[in-house]
Amino acid sequence: MCLIATSVVLVSAAGCGATHSSTGEVALVAGQPVYQTQLQTYVDYALAYYAQPSGSAPRSPITCEPDSHLSRCVTVRQQALRRLLEEQVVQHYAAAHHIGLPRPLVLALDRKAVNFLQSDARVGSLVAEHRISRQFVYALFQKEALIQSVEQSITHGETGSGPAFQVLRILFPFGSKSQQAAAYRSALTLATDGKPMPRSATKKAEWIAPFRLARTARAALASASPGGFVGPFQRGSTYLVIKLLARGHHRYGRRAREVAAARLFKAWLTVQLHHASTRCFSPGGSSVACPLT
């Protein structure tokens with residue numbers, strides 16, 4: 001099957017005696033430069049695309065100049081730079097391990113990009129204002145697909161199962177203030193004494209990965225003994241009490257596998273960024289800390 005490599009080989013314009021500021025480099029990762037023009041394009045896209053709801057009419061553009069010190073602009077620039085650094089790491093890994101996109105997939109992604117450009121007013125406005133190009137959108141879809149391919153390569157077989165709690169969830173819903181007080185008393189009594197188990201309470205037994213639980217519930221279950229109750233925890237208009245049935249190594253459900261894979265891939269990216277001799281530069285060309293965490 002014909003594979004189309006999506007990694008872009010960038011040749012540094014820095015010659016003998018050139019500085020990072022004169023060539024427009026904002027970072028170097030795995031020996032490849034990231035340029036200010038690339039960063040600004042991502043910043044413009046993020047600001048315009050995520051600043052207003054899908055389907056809404058384009059509003060006056062929100063902009064951040066490269067030298068802006070507004071907290072919003074600093075945050076978006078850091079997020080955009082992190083994304084660009086990650087893309088370079090992924091492309092470098094994909095090229096080294098012969099991971100590419102099959103031509104039929106590339107053609108399908110191109111069709112999706114066309115539909116996206118035609119149907120989303122926010123993106124159309126960006127293109128009309130020359131803040132992004134149509135080629136940028138095509139590349140965005142292909143880069144995302146390549147990232148997913150590399151993530152699958154990295155996490156394959158590593159996130160199918162793992163430590164889990166077998167629990168019984170007992171839910172105490174409430175509506176009014178008086179119902180809330182009564183629900184809390186019932187939930188607290190059950191969590192403290194282990195009884196009575198109200199017939200009206202909703203119950204659900206399941207295996208669940210620790211990272212799928214809220215921090216407070218995860219910490220409470222970690223110190224509980226099988227057969228013990230923890231809680232109550234408020235979740236909107238419901239109090240939750242959890243009975244720990246068992247601990248074990250269990251196959252994760254689809255959503256847990258997705259979360260575990262994302263966590264593992266993020267950790268892998270962070271390690272790779274540190275190993276890739278990543279360096280970042282200020283507009284003046286001096287070294288600055290990179291957004292690696």
Side-chain angles (χ1 to χ4, degrees), residues 3 6-7 42 45-46 49-50 53-54 78-94 96-102 104-106 108-109 111-113 115-116 120 137 139-169 171 202 204-222 230 233 235-236 238 240 242 244-275 291-293:
L3 299 181
T6 59
S7 57
Y42 261 85
Y45 175 78
Y49 186 73
Y50 296 105
S54 176
Q78 290 289 292
Q79 293 170 342
L81 181 55
R82 167 79 187 208
R83 171 71 180 194
L84 283 164
L85 295 175
E86 290 175 347
E87 285 181 0
Q88 290 282 25
V89 165
V90 166
Q91 291 171 350
H92 181 76
Y93 180 91
H97 293 81
H98 309 290
I99 299 173
L101 301 179
L105 176 57
V106 172
L109 291 169
R111 289 192 294 270
K112 285 186 177 181
N115 291 335
F116 185 54
D120 197 296
V137 177
L140 204 63
F141 275 77
Q142 292 191 21
K143 287 176 183 177
E144 186 59 34
L146 186 66
I147 289 170
Q148 291 173 4
S149 295
V150 170
E151 178 178 329
Q152 291 169 3
S153 173
I154 297 298
T155 63
H156 179 69
E158 298 293 327
T159 58
S161 62
F165 295 118
Q166 186 183 25
V167 300
L168 177 66
R169 292 172 176 262
L171 305 177
T202 303
K204 180 182 179 182
E206 63 180 342
W207 282 92
I208 188 166
F211 55 78
R212 295 292 313 281
L213 293 161
R215 183 177 299 178
T216 50
R218 183 168 65 244
L221 285 171
V230 298
F233 309 103
R235 302 288 184 268
T238 300
L240 168 66
I242 304 175
L244 177 61
L245 302 177
R247 293 187 180 89
H249 195 90
H250 194 74
R251 178 168 174 76
Y252 291 152
R254 181 182 62 83
R255 179 56 183 158
R257 292 196 300 273
E258 291 173 351
V259 173
R263 288 160 58 98
L264 179 61
F265 187 57
K266 182 179 180 180
W268 176 85
L269 277 172
T270 299
V271 171
Q272 295 303 308
L273 284 171
H274 282 284
H275 287 172
L292 301 184
T293 57

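Taking 4.5 Å as the limit, every side-chain heavy atom of Gln79 sits out of range of all side-chain heavy atoms of Arg82. Contact of the Val137 side chain with the Tyr45 side chain is not registered, since no non-hydrogen atoms from C-beta on lie closer than 4.5 Å. Inter-residue side-chain proximity for Leu84 and Glu87 is flagged as met; some heavy-atom pair is nearer than 4.5 Å.
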Given side-chain contact (heavy atoms from CB on, under 4.5 Å), test Glu86 with Gln272 step by step and report yes or no.
CA-CA 9 Å; Glu86 290 175 347; Gln272 295 303 308; over 6 Å; no
Evaluation steps, side-chain contact (heavy atoms from CB on, under 4.5 Å), between Leu81 and Tyr42:
CA-CA 8 Å; Leu81 181 55; Tyr42 261 85; over 6 Å; no
Verdict with reasoning, Leu213 to Val167, per side-chain contact (heavy atoms from CB on, under 4.5 Å)
CA-CA 11 Å; Leu213 293 161; Val167 300; 5.9 Å; no
Would Ile147 and Arg83 count as a side-chain contact (heavy atoms from CB on, under 4.5 Å) here? Give the steps.
CA-CA 11 Å; Ile147 289 170; Arg83 171 71 180 194; 3.5 Å; yes
Evaluate Glu258 against Arg255 for salt bridge (Lys or Arg N to Asp or Glu O under 4.0 Å), listing each step before the verdict.
CA-CA 5 Å; Glu258 291 173 351; Arg255 179 56 183 158; 3.4 Å; yes
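Lys204 contributes atom NZ, which lies 12.0 Å from atom CD1 of Ile242 (distance to the nearest 0.5 angstrom). From His249, atom NE2 reaches atom CH2 of Trp207 across 10.5 Å, with rounding to the nearest 0.5 Å. For the atom pair Gln148 CD and Phe265 CZ, the distance stands at 9.5 Å (nearest 0.5 Å). Taken to the nearest 0.5 Å, the CD atom of Gln166 stands 12.0 Å off from the CD1 atom of Ile208. In this structure, CG on Leu269 lies 8.5 Å from CD on Glu151, to the nearest 0.5 angstrom.
In this structure Tyr93 satisfies the ring pair (Phe, Tyr, Trp, His ring centres under 6.0 Å) test together with His97, Trp268, sequence neighbours excluded.
Residues Thr155 and Arg263 have side chains that never bring a donor and an acceptor to within less than 3.5 angstrom of each other.
Contact record, Pro210 with Ala164: CD-CA, 4.0 Å, taken as the closest heavy-atom pair. Phe211 and Ala260 get closest at one heavy-atom pair: CZ-CB, 3.6 Å. Across Ser149 and Leu101, no two heavy atoms sit closer than the pair OG-CD2, 4.0 Å. Listed here is the closest heavy atom pair of Leu146 and Gly100: CD1-CA, 4.4 Å. For Arg235 against Ala217, the heavy-atom pair with the smallest separation is NH2-CB, 4.2 Å. Taking all atoms of both residues into account, the shortest heavy-atom contact from Leu85 to Pro291 is CD1-CD, 4.3 Å.
Under the 3.5 Å distance criterion, the side-chain polar atoms of Arg247 are matched with a main-chain donor or acceptor of Ala222.
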